[in-house]
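These figures come from a predicted structure and were not determined experimentally. Side chains included, hydrogens not; waters and symmetry mates left out as well; all remaining heavy atoms used. Numbering of residues begins at 1 and proceeds along the displayed sequence.
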Amino acid sequence: MSNVIIVGAFHEIIELVQSCDFIIEGLIDNNKSGSYLNYPIIGTDDLAHSLCNKEIIITPDTPRIRKKLVKIYLKTGIAFPKIISSYAIISASATIGMGTIIQQGANVSSFSLIGQFVKINTNANIMHDCIIGDYCTIAPNAVILGNVNIGSEVYIGANSTILPNIQIGDNVIIGAGAVVTKSVKANCVVMGVPAKTVREFSGTEE
């Protein structure tokens with residue numbers, strides 16, 4: 001077992017980390033103080049500079065927030081463990097990147113490549129030979145079928161489905177329940193059945 005500090009006091013991830021037999025030293029949260037679920041709130045992100053030789057878990061769902069936090073905490077001496085539920089199914093041929101969180105019931109099939117700081121929620125299903133870029137979030141019950149290539153900072157909404165052999169650009173939001181039947185360019189929001197672009201935005205938009 002190793003000691004960790006969790007950035008973002010979110011109960012689902014705290015319970016997941018407990019189940020993975022890590023020892024939680026404390027929580028960092030900009031909006032809470034005191035304690036949460038009997039763990040001390042040790043400070044805000046301003047504490048990052050003092051956390052040498054610590055293992056850090058970055059928890060927020062939103063890809064861009066997660067990426068910003070990684071930049072704050074990514075320094076010599078800080079490690080980012082993978083957190084994978086024992087109730088997830090991970091193929092022996094899949095590759096899982098640093099700092100990725102995989103929750104209960106998720107499935108990652110053969111030869112899939114999962115990037116760094118990805119968050120795969122409960123019962124999400126990633127089929128064979130998929131590529132999931134850094135900082136993506138896969139919401140509960142999303143289904144990504146075979147040979148799908150997803151860029152970085154993509155949010156895949158709950159209960160959505162991406163059909164095989166599709167490419168999704170960087171910084172895309174796929175709405176809940178959408179069915180993606182064709183490739184999606186970067187920097188847009190797609191929704192519906194079949195999914196259509198409903199909004200485009202700048203790659204630098206916050």
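- For the pair Lys67 and Glu153, the minimum side-chain heavy-atom distance is below 4.5 Å.
- With contacts defined as side-chain heavy-atom distances shorter than 4.5 Å, the pair Val148/Asn165 does not qualify.
- Sparse packing is recorded around NZ of Lys185, with 12 or fewer heavy atoms of other residues, nucleotides or ligands lying under 6.0 Å away.
- Among residues at least two apart or in separate chains, side-chain hydrogen bond (donor to acceptor under 3.5 Å, both in side chains) pairs with a member in residues 97-109 are Glu12-Gln103, Asn107-Ser109, Asn107-Asn125.
- Of the charged side-chain nitrogens involved, at least one lies within less than 4.0 Å of a carboxylate oxygen, so that Glu25 and Lys54 count as a salt-bridged pair.
- Between the side chain of Asn147 and the backbone N or O of Pro164 there is no donor-acceptor pair closer than 3.5 Å.
- Here the side chains of Val143 and Asn159 are not in contact, with every heavy-atom distance at 4.5 Å or above.
- Between Tyr135 and Phe117, the ring planes are parallel. Angles under 30° get that label, and only those over 60° would be called perpendicular.
- Among all heavy-atom pairs drawn from Phe111 and Ser93, the shortest one is N-OG, 2.9 Å.
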Go through Phe201 and Val189 one step at a time and tell me if the side-chain contact (heavy atoms from CB on, under 4.5 Å) criterion holds. CA-CA 8 Å; Phe201 41 77; Val189 179; 3.4 Å; yes

Please assess Lys119 against Ile13 for the test side-chain contact (heavy atoms from CB on, under 4.5 Å), listing each intermediate value before the final yes or no. CA-CA 11 Å; Lys119 192 171 184 182; Ile13 302 304; 3.8 Å; yes

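- Considering every non-hydrogen atom in both Val193 and Gly177, the closest pair reads CG2-O, 3.6 Å.
- Residues Val172 and Ala186 share a closest heavy-atom pair of CG2-CA, 4.0 Å.
- At least one side-chain heavy atom of Thr197 sits less than 4.5 Å from a side-chain heavy atom of Cys188.
- Distance alone, capped at 3.5 Å, is enough to place a donor-acceptor pair between the Asp134 side chain and the Gln116 backbone.
- Here SG of Cys130 is found 10.5 Å from CG of Leu113. Values are rounded to the nearest 0.5 Å.
- Looking at every heavy atom in both residues, Leu27 comes nearest to Ala9 through CD1-CB, 3.8 Å.
- Both Ile14 and Phe10 are members of a single hydrophobic cluster when ILVMFWY side chains are connected at heavy-atom separations under 4.5 Å.
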Give the intermediate values and the outcome of side-chain contact (heavy atoms from CB on, under 4.5 Å) for residues Val108 and Ile120. CA-CA 9 Å; Val108 179; Ile120 302 176; 4.2 Å; yes

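- Ile23 CD1 to Gln18 CD: the interatomic distance, rounded to the nearest 0.5 Å, is 12.0 Å.
- The residue from Asn38, Val17, Ile57, Leu37 that alone fulfils the side-chain contact (heavy atoms from CB on, under 4.5 Å) condition with Ile24 is Val17.
- Residue Ser152 holds its OG atom at 13.0 Å from CD1 of Ile168, rounded to the nearest 0.5 Å.
- Looking at Ser110, its side chain never comes within 3.5 Å of a backbone N or O of Ala94 through a donor-acceptor pair.
- Hydrophobic clustering (ILVMFWY, side-chain heavy atoms < 4.5 Å, transitive): Ile102 and Val154 are in one cluster.
- Interatomic distance, CD1 of Ile150 versus CG of Asp170, reported as 11.0 Å (0.5 Å rounding).
- Criterion: ILVMFWY side-chain heavy atoms under 4.5 Å apart, direct or through other members. Under it, Val180 and Leu163 are part of a common hydrophobic cluster.
- Follow the hydrophobic side-chain contacts under 4.5 Å out from Met127 and you reach Ile96 in the same cluster.
- Here the CD1 atom belonging to Ile132 is positioned 12.5 Å from the OG1 atom belonging to Thr95, to the nearest 0.5 angstrom.
- With hydrogens and angles disregarded, no donor-acceptor distance shorter than 3.5 Å links the side chain of Thr62 to the backbone of Arg64.
- Ile173 and Val184 are not part of a single hydrophobic cluster, where members link through side-chain heavy atoms under 4.5 Å apart.
- Thr59 and Arg66 share no side-chain donor-acceptor pair at under 3.5 Å.
- Counting heavy atoms from C-beta on, the side chains of Pro140 and Asn123 never come closer than 4.5 Å.
- Remark: Ser112 OG to Ile126 CD1 distance equals 6.5 Å, nearest 0.5 Å.
- Put simply, the side chain of Ile5 reaches to within 4.5 Å of the side chain of Leu51, judged on heavy atoms.
- Side-chain contact check for Leu74 versus Phe80: some heavy-atom pair is nearer than 4.5 Å.
- Put simply, the side chain of Ser85 gets close to the backbone of Tyr87: a donor and an acceptor are under 3.5 Å apart.
- Lys82 and Gly97 get closest at one heavy-atom pair: CG-O, 3.5 Å.
- When every heavy atom of Gly157 is checked against every heavy atom of Ser160, the shortest pair comes out as O-OG, 2.6 Å.
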Solution key, residues 40-47 side-chain donor-acceptor pairs under 3.5 Å, sequence neighbours excluded:
from  : atom 1 : to    : atom 2 : distance (Å)
Thr44 : OG1    : Asp46 : N      : 3.3
Asp45 : OD1    : Tyr73 : OH     : 2.6
Asp45 : OD2    : Asn30 : ND2    : 2.9

Can you list the steps and then say if Thr137 with Val118 is a side-chain contact (heavy atoms from CB on, under 4.5 Å)? CA-CA 6 Å; Thr137 296; Val118 173; over 6 Å; no

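- For the side-chain contact (heavy atoms from CB on, under 4.5 Å) with Phe22, the lone residue among Ile83, Leu16, Ile6 that qualifies is Ile83.
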